[in-house]
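Below: the structure, in structure tokens.
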Amino acid sequence: MDHVIYADNAATTKVSERVLNAMMPYFTEQYGNASSWFYKLGQTAAAGLEKAREQTAKAINAEPREIYFTSCGSESDNWALRGTAEKLLPKGKKHIVTSVFEHHAILHTCKYLEKHGFEVTYVPCGKDGIVNADDIKKAIRPDTALVSIMYANNEIGTIQPITEIAAVCHEAGVLFHTDAVQAVGHIHIDVKAQGIDMLSISGHKIHAQKGVGVLYIRKGIYLDNFIFGGAQEHDKRGGTENIPAIVGLGEAMTAAYENLDEKNEKITKMRNRLIDGVLKLPHTRLNGDRDKRLAGNANISIEGVEGEALLLMLSMKGIYVSSGSACASKSLEPSHVILALGVPHEVAHCSLRFSIDEETTDDDIDYILNELPPIVERLRAMSPLWEKIEKQDK
Amino acid sequence: MVYSEKVMDHFTNPRNVGEIPDADGVGEVGNAKCGDIMKMYLKIDNDVITDVKFKTFGCGAAVATSSIATEMIKGKPVEEALKLTNKAVVEALDGLPAVKLHCSVLAEQAIKSALSDYYKKNGIDPIPLVGEVGDCEACHHDL
């Protein structure tokens, strides 16, 4: 295929040239173990590790000491939740507050904790895909150990009022964690000013490689280890550090925040053109608030056609996107995120997620807007559901 | 999860798509909530299926199973069409991913549903011949 438009950056991103170049020396030249401080090879590896820690800390206004490298965003989420839960259970704190449309790394950890003596309140989001800080306030109880609300939703890209939610938590003396996997690198984050206690990051969403993540833990918070082993990561996360991956993540953090506003302005313009173009088709709807969303995210339901069928047709035209359709996943339920917006199941089956980035061009948007309508028309023509929708219109 | 070439062929070039306005039997199975609806139209002459058309709302596998199922029963006696199993549909497609097997069940049931309609129109009780045509198991989840 000669023409490929990758519009699935919320799934994963390409490792950038800059990141790859930063990583390369650490494979065959500076391959030492960062714990081997007594010779140069180990010292260089340790220096690479600490530079990445500083880069990561600087990007979110944390202290390097507060950055813990992990294997992925899911590990970070698991550690934050289970670590806090286990720590606070003996103090009688057995309640957790989260939202209905979190990533499964949070939801499934909560399900696990529910089996181990915890109660979890799943706060709903509004029809706009935004969680209300007041609802969090109402959900907090005297025995609440932790509130965990995602920074930006992975499917619909809606940005949550994190500063307000953190304030509500602190007022009640409750710790606040945010899964910021989709937000980091796309939004300015200041953990100090915003009062964030813990924050999860994933490398592969910001042009670093897969298999590396971060948990920021504010100093003064002591979690037990999630992985026991050596003295790596301030004695808090055992396992020899994946130096090339971590070096890449550090570089990706720096790169992401260079000219961020400029990049976001350009991406938002293209994204809005994409949304407006697709919404010209009848019986389509944008999922999630139009403005309070990540610059690159457009999530649209196209009624009468099933999401996976659309994905396959689009992929044959070289357009790579994803869907909240049940059939596109391995379960039979449509996306819990789209359902959380209060839309019917049949509309949730029809959602398409475009996640563009700074490499997307205006020509790409034109191409998508040219190719999509005939595909929709073709699938609708053979859809008994569309037949019903058309009848209802008349 | 990858589809076979046969599935992709039937998905991209589905056979027998459309409606038959004066059909002798029409059947619809599945529902929008589950993300699959199949509608099957049959033209039957002297107990032989002379024409068949379908419309499907669903994933790649749902379209492909309906398409190949129409091919498998076109020109065949009704009796033979009644014997079409979802397993035969899967085999004809060179296999389906495990999570998509329910689509083949839906295709089998769409045909049975259309045949039931045909029998009813001719004053014959379809239950002894076709059996109960329900939704597929996969659809029985809590909503």
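Bear in mind the structure is a predicted one, so any value in this text is a computation, not a measurement. To find a chain, count down the sequence lines: A is the first, B the second, and so on, and within it residues start at 1.
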Quick check: are there more than 12 heavy atoms from other residues, nucleotides or ligands sitting under 6.0 Å from [atom1] of [X]?
X: Glu19(B); atom1: CD; result: yes
X: Asp393(A); atom1: CG; result: yes
X: Glu390(A); atom1: CD; result: yes

Can you tell which part of Pro344(A) gets under 4.5 Å to a heavy atom of chain B, answering side chain, backbone, both or neither?
-> neither
What part of Arg378(A) is in contact with chain B, defined as an atom under 4.5 angstrom from a non-hydrogen atom: side chain, backbone, both or neither?
-> side chain
Contact between [X] and [Y] at the side-chain level, heavy atoms closer than 4.5 Å - yes or no?
X: Lys39(B); Y: Met382(A); value: no
X: Phe54(B); Y: Pro384(A); value: no
X: Phe11(B); Y: Met313(A); value: yes

Answer with side chain, backbone, both or neither: which region of Ala62(B) has an atom nearer than 4.5 Å to a non-hydrogen atom of chain A?
-> neither
Could you measure the distance from the [atom1] atom of [X] to the [atom2] atom of [Y]? Nearest 0.5 Å is fine.
X: Thr56(B); Y: Leu379(A); atom1: OG1; atom2: CG; result: 11.0 Å
X: Glu306(A); Y: Ile37(B); atom1: CD; atom2: CD1; result: 11.0 Å
X: His349(A); Y: Asp36(B); atom1: NE2; atom2: CG; result: 7.5 Å

Does Gly58(B) offer a backbone N or O that forms a donor-acceptor pair with the side chain of Glu308(A) under 3.5 Å?
-> no
Within residues 115-125 of chain B, residues adjacent to chain A where the heavy-atom gap is under 4.5 Å = none
Quick one: which of Ala381(A), Ala309(A), Gly304(A) has the most heavy-atom pairs under 4.5 Å with chain B, could you say?
-> Ala309(A)
